[in-house]
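Step one of this worksheet: look at the structure below.
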Amino acid sequence: MSKQKTSQIDGPTPKNSFGFRITQQNLQTAKALHQHQYLTVMSIEIHAETRGELSPNPEMDPIQVIFYSVYNDVPESEGPQITTGAIIVDKTSSTPGSSQEKITPHKPTLLEKSGIDNLVISYVSDEQELLDEFIQLVHRWDPDVMVGFEIQMLSLGYILQRAAHLSLNICPSLSRLPGTKDGNRFSAEKDPWGADYNTEIHIAGRIVLNLWRVLKHEITLNIYDFENVAYHVLHRRIPLYSFKSLSSWFNHRTHLYRWRVIDHYITRVKGLLQIIDQLDIIGKTSEFARVFGIEFYDVLSRGSQYRVESMMLRLAKPMNYIPVSPSVHQRARMRAPECIQLTLEPDSKFYTNPVVVLDFQSLYPSIMIAYNYCFSTCMGRLDLLAKAHEGQYEFGCTSLRQSPSVIRKLEDDITISPNGCCFVNQDVRKGIISKMVEEILNTRIMVKKAMKSYKDDKALYRMLNARQLGLKLIANVTYGYTGANFSGRMPCIEVGDSIVRKARESLERSIKLVEETPRWGARVVYGDTDSLFIEMKGKSKDEAFVIGQEIADTISNMFPKPMKLKFEKVVYLPCVLQTKKRYVGFMYETRDQKEPVFDAKGIETVRRDNCGAVSKILERCIKILFTSKDISQVKQFVIRQCQKLLEGKVSLQDCVFAKEYRGMAGYKPGACVPALQIARKRLKFDPRSEPRTGERVPYIIVYGTPGLPLIQLVREPRDMIKDPTLRLNGTYYITKQILPPLNRLFSLLGVDVFMWYNEMPKVIRIVPQSVTGAESKKGTISQYFATSNCPVCDEQTKQAICKKCMNDPQTTTVVLSSRIQHWEQIYSKLTQVCYTCMGCQDNKQPCISLDCPILFRRLQASQDNLRGDKLRQDMTKMLDF
DNA sequence: CGGCAAGCCTAG
DNA sequence: TAAGCTAGGCTTGCCG
């Protein structure tokens with residue numbers, strides 16, 4: 001990687017300080033570099049022999065197989081690109097030492113179907129050999145990047161921990177510098193700070209990626225497990241098996257099920273590489289490394305301060321600048337910021353007139369350039385400067401001294417920011433940040449131009465896009481750097497505040513102009529930091545486009561270059577402004593666009609802290625409202641959905657919440673959060689199953705005794721499958737999750753959504769009058785489900801279980817639990833079949849529906865002791881239940 | 001019941 | 001240890 005990364009910087013008279021010259025030749029070189037990165041990426045997963053329901057534990061469970069897939073990015077003529085294989089411990093393996101062979105599977109049809117072919121399989125006789133073979137494998141391929149989906153508990157981490165358990169430190173042997181101790185480390189279990197972020201694996205000369213963590217920054221998902229990522233990135237549904245199933249299949253004495261295990265992990269190792277390729281992770285990261293001038297791994301592991309500094313210091317050094325490095329104390333003493341961005345309180349309502357959205361293009365960077373705001377041009381606050389004359393005065397987190405003669409000389413070359421800070425003009429001295437940001441923006445424009453002419457060249461286009469993106473990122477965080485308070489290495493409140501204040505002033509001026517120009521007939525209804533939402537009363541969409549452009553041009557002319565109010569070519573028609581930072585609309589980007597795009601900001605449709613049902617229903621409702629403008633249709637839809645929820649006829653997946661787990665140390669004592677609750681529960685059962693810090697932990701809400709705090713109703717989704725007595729808390733989902741967001745929106749139209757629900761005919765739910773003692777706790781089963789028949793004897797009763805059966809608890813228990821067991825069996829079969837079924841893929845949802853012919857047939861086939869009609873009957877019962 | 005802190009996630 | 005920024009809305013549980 002280092003081969004390609006740098007040399008440009010020292011090249012002959014680069015066009016700008018970062019060495020980007022967008023020339024024909026340059027692009028060709030870049031292209032050549034990007035067609036092949038000459039990188040080798042190896043993905044690794046392991047299978048260990050687990051015990052019961054427990055997760056693999058390196059102190060107990062030996063590794064049975066190491067799976068790998070290697071992507072070798074070289075021109076094709078030089079060899080195959082992807083090699084996939086496994087090293088298997090087989091105690092029966094007669095050959096001492098390892099034997100390598102290219103196997104043709106003995107059951108071709110089965111295996112071909114599963115995609116198991118062309119595997120490089122080697123057998124070893126024990127774990128020790130497995131590790132040796134693995135080390136050799138690594139040296140044979142010599143991968144630049146080693147990756148596992150989760151490398152702390154599984155994959156590479158498990159291998160290292162297991163080796164450590166066997167008193168081996170194989171970290172150095174895996175590295176490219178086997179002799180050195182430096183740079184090879186991994187912390188097995190506990191980490192001095194208790195945080196998991198730092199338990200990373202370092203192997204000298206190789207980059208080790210914990211893929212799910214990388215993906216967290218790459219794409220926005222509700223849950224970051226392999227299956228969900230594969231679904232969203234690769235558009236493939238991949239089944240999830242428990243460790244228990246995998247272990248039992250692997251160890252089955254007939255070896256008949258082993259292929260499933262192999263298939264599972266091979267899908268995974270291959271999938272990892274496909275995900276990396278699909279998202280262009282390696283390409284993008286390398287490109288960022290080049291743009292920022294930092295190392296590959298640092299792009300992923302370090303913050304934006306590091307990036308800004310890398311770019312800024314490269315500019316500063318030749319100019320003989322040294323950055324200040326304030327102490328913690330100095331930083332803490334710095335003045336607090338006095339300005340905040342301007343966020344207007346929106347005129348909250350449903351807009352049927354067109355609303356035009358204008359925003360300043362890269363406002364903060366533009367201000368830095370236009371007004372030459374920078375550390376190196378700031379003279380400090382005017383009041384201090386005037387008083388200070390001889391002595392030192394406060395500046396940023398340090399102090400400044402200017403001789404009066406200098407101040408006097410500069411008097412005519414100073415601009416004063418709206419909050420009273422002085423900056424010298426750019427002919428006196430051009431600010432470093434200003435210069436840096438200017439070059440970044442210019443380069444970005446060049447790159448974007450180049451992208452247009454290379455649309456057909458996928459590799460080059462991707463690279464340019466990555467570069468363009470990197471530049472945009474860095475321009476936007478440069479302001480953050482000046483204001484970085486608590487962690488900042490070089491914050492300067494004067495600079496940061498001036499930028500914010502100027503931005504605020506600019507936006508205010510723009511608003512004023514719009515309101516003072518009656519011929520536009522426009523009214524500003526909302527604005528945030530750099531944007532204006534303008535209602536065009538009585539205007540058509542076309543007129544809105546014309547006037548919008550005119551406003552944008554007029555306002556842009558009021559400001560120095562490169563400040564520009566851009567008509568982002570967005571007209572909303574119609575739209576709803578809910579509150580600050582929350583709005584939705586049908587968006588038109590061009591005048592001739594026929595179908596609008598649904599665009600939502602901040603509301604529940606785009607937030608990950610509610611379940612799928614909430615965002616789906618809300619989005620549907622808004623769409624119905626926008627297209628039909630008929631509230632009764634919305635009402636009808638909402639009521640139907642509520643009924644489905646109450647009847648429990650809703651896909652479990654739509655009711656799953658997932659929130660980030662901060663780690664045991666990440667919560668205040670006494671914190672009461674679902675993710676923490678689940679983590680505690682899992683820890684009690686199996687320390688290895690604790691969610692990773694930063695992991696999004698899924699949960700659902702079930703029914704329970706009335707009065708219980710919500711936290712007691714939190715369950716993991718898989719509990720739902722294991723324990724059929726649990727029922728989704730339809731009431732909670734409706735009244736606490738679905739209706740409130742709907743109501744927030746529709747109350748703006750004077751509609752009370754809760755009324756719809758209250759008036760709705762509901763399923764009769766009979767709650768037992770008295771819940772007494774332990775017996776009822778155990779038997780929560782029937783307390784909250786809709787029936788007026790006794791589930792045991794089927795006699796009519798007003799209670800959950802009729803009096804007769806209540807008096808015969810033993811029979812009741814037996815009847816109920818055996819029925820539960822039966823249902824449970826069918827249900828687990830059902831979900832299993834459904835999740836692996838390819839039949840209704842276009843639905844993109846597991847149907848778990850009786851109407852699915854494929855499901856029904858498969859289920860019937862798997863339950864050969866069941867007659868079709870009986871099965872159907874049972875299934876109906878279960879689904880109702 | 002209202003006010004408040006903690007927690008989460010988003011806009012810009 | 002290393003860590004861009006602030007505003008803002010919303011839920012939940014606790015306290016007076």
Side-chain angles (χ1 to χ4, degrees), chain A residues 187 191-200 220 222 298 301-309 312 328 331 336-346 348 357 359-364 472-493 495-497 499-500 503-504 507 526-533 578-583 599-610 614-615 657-662 666-677 694 696-697 701 708-714 732 735-737 740-741 743-744:
Chain A
S187 23
D191 158 287
W193 294 284
D196 297 285
Y197 285 121
N198 299 327
T199 59
E200 276 169 359
T220 306
N222 204 12
D298 291 342
S301 63
R302 309 210 42 185
S304 36
Q305 254 194 113
Y306 190 72
R307 301 176 179 187
V308 174
E309 275 166 13
M312 187 176 64
V328 181
R331 246 178 359 221
E338 288 165 9
C339 301
I340 53 165
Q341 77 217 36
L342 176 63
T343 309
L344 299 182
E345 188 61 52
S348 307
V357 182
D359 54 1
F360 280 100
Q361 174 176 257
S362 314
L363 180 59
Y364 286 3
K472 181 182 165 186
L473 268 176
I474 201 82
N476 283 339
V477 294
T478 307
Y479 155 73
Y481 183 83
T482 66
N485 235 347
F486 110 103
S487 64
R489 261 187 297 270
M490 198 175 72
C492 182
I493 199 61
V495 178
D497 245 12
I499 297 170
V500 178
R504 205 185 153 99
L507 195 63
Y526 178 56
D528 187 354
T529 314
D530 60 355
S531 63
L532 286 179
F533 287 58
Q578 207 173 299
T579 60
K580 287 176 174 180
K581 298 181 192 287
R582 290 180 165 227
Y583 55 87
D599 188 41
K601 295 281 148 117
I603 62 166
E604 282 71 11
T605 54
V606 293
R607 295 182 65 89
R608 291 178 294 172
D609 48 1
N610 34 67
V614 174
S615 27
F657 298 90
K659 293 190 184 159
E660 197 170 307
Y661 172 59
R662 299 192 194 165
Y667 294 93
K668 304 240 155 143
C672 175
V673 216
L676 179 61
Q677 178 92 351
R696 297 182 62 84
V697 181
I701 303 292
L708 273 186
L710 191 57
I711 193 77
Q712 303 293 326
L713 307 180
V714 169
Y732 170 80
T735 60
K736 298 289 178 186
Q737 291 294 323
N743 198 49
R744 280 195 284 276

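Chain letters run A, B, ... following the sequence lines, proteins first, then strands; residues in each count from 1.
Remark: C1' of C:dA7 and CG of A:Leu344 are 13 Å apart, rounded to the nearest angstrom. Separating the OH atom of A:Tyr364 from the C1' atom of C:dG4 is a distance of 13 Å, rounded to the nearest angstrom. Distance CD (A:Gln578) to C1' (B:dA11): 14 Å, rounded to an integer number of Å. A:Leu532 has its CG atom 12 Å from the P atom of B:dG12, to the nearest Å. Atom pair A:Glu660:CD and B:dT10:C1' shows a separation of 13 Å (rounding to whole Å applied). The distance between atom CG of A:Leu342 and atom P of B:dA11, rounded to the nearest whole Å, is 19 Å. The nearest whole Å value for the distance from the CG atom in A:Asp530 to the P atom in C:dA7 is 16 Å. For the pair A:Phe657 CZ and C:dT11 P, the computed distance is 12 Å after rounding to whole Å.
When each of C:dT6, C:dT12, C:dG4 is scored by its nearest atom to the side-chain atoms of A:Gln341, the top-ranked nucleotide is C:dT6. With C:dG8, C:dA2, B:dC8 as the choices, the nucleotide that has an atom nearest any side-chain atom of A:Asp609 turns out to be B:dC8. For A:Lys668, taking side-chain heavy atoms from C-beta onward, the closest of the listed nucleotides B:dA6, C:dT11, B:dA11 is B:dA6. Residue A:Arg302 places its side chain closer to C:dA2 than to any other of B:dG12, C:dG8, C:dA2. Nearest to the side chain of A:Thr579, among C:dG13, C:dG9, C:dA3, sits C:dG9. Distances were taken from every side-chain heavy atom of A:Pro740 (C-beta onward) to each of C:dT11, C:dA3, B:dC9; the shortest belongs to C:dT11. Nearest to the side chain of A:Arg582, among C:dG9, C:dT6, C:dT11, sits C:dG9. Side-chain atoms of A:Lys659 lie closest to B:dC9 of the nucleotides B:dC9, B:dG7, B:dG12. For A:Arg607, the listed nucleotide lying nearest its side chain is B:dC8; candidates were C:dT11, B:dC8, C:dC5. For A:Arg662, counting side-chain heavy atoms from C-beta on, the closest listed nucleotide (B:dC8, B:dG12, C:dG4) is B:dC8.
Neither OP1 nor OP2 of B:dA11 sits under 4.0 Å from any side-chain N or O of A:Lys581. Remark: A:Arg489 is not in phosphate contact with C:dG4, judged by side-chain N or O atoms under 4.0 Å from OP1 or OP2. The phosphate of C:dG8 (OP1 or OP2) has no side-chain N or O of A:Tyr526 nearer than 4.0 angstrom. The side chain of A:Tyr667 places an N or O atom within less than 4.0 Å of a non-bridging phosphate oxygen (OP1 or OP2) of B:dC8. Applying the 4.0 Å criterion to OP1 and OP2 of C:dG4, one finds that A:Arg307 has every side-chain N and O outside that range. Within the 4.0 Å cut-off from OP1 or OP2 of C:dG4, at least one side-chain nitrogen or oxygen of A:Ser304 is found. Note on A:Arg744: a side-chain N or O is less than 4.0 Å away from OP1 or OP2 of C:dC10.
A:Ile711 comes within 4.0 angstrom of sugar-phosphate atoms only, judged by non-hydrogen atoms across all strands, and of no base. Within 4.0 Å (heavy atoms only), A:Val606 reaches sugar-phosphate atoms of the nucleic acid but no base atom. Across all strands shown, A:Tyr732 has heavy atoms under 4.0 Å from sugar-phosphate atoms exclusively, and none from any base.
Within the 4.5 Å cutoff, the side chain of A:Leu507 has no heavy atoms near those of the A:Asp530 side chain. Residues A:Tyr364 and A:Val500 meet the side-chain proximity criterion, which asks for heavy atoms closer than 4.5 Å. Inter-residue side-chain proximity for A:Asp528 and A:Lys580 is flagged as unmet; no heavy-atom pair is nearer than 4.5 Å. The shortest side-chain heavy-atom distance between A:Ile701 and A:Phe657 falls under the 4.5 Å cut-off. Looking at A:Leu473 and A:Ser304, their side chains never come closer than 4.5 Å, going by heavy atoms from C-beta outward. Between A:Lys601 and A:Gln578, the closest side-chain pair of non-hydrogen atoms is not below 4.5 Å. Using a 4.5 Å heavy-atom threshold, the side chains of A:Glu660 and A:Arg608 count as separate.
In this structure, the separation between CG on A:Asn610 and CD on A:Glu604 is 5.5 Å, given to the nearest 0.5 Å.
Of the possible polar contacts, one joining the A:Tyr526 side chain to the A:Lys581 backbone as a donor-acceptor pair under 3.5 Å is found.
When the nearest nucleotides of DNA chain C are assigned to A:Ile340 and A:Tyr481 by heavy-atom distance, the more 5′-ward of the two goes with A:Tyr481. For the pair A:Glu345 and A:Asn476, both in contact range of DNA chain C, the more 5′-proximal nearest nucleotide belongs to A:Asn476.
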Applying the Watson-Crick and G-U criteria (both distances under 3.5 angstrom) with [ ] for crossing and | for other-strand pairs, one obtains for DNA chain C ....||||||||||||
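One P atom belongs to B:dG12, the other to C:dG4, and the distance between them is 22 Å to the nearest Å.
Donor-acceptor pairing under 3.5 Å is lacking for the side chains of A:Tyr481 and A:Gln305.
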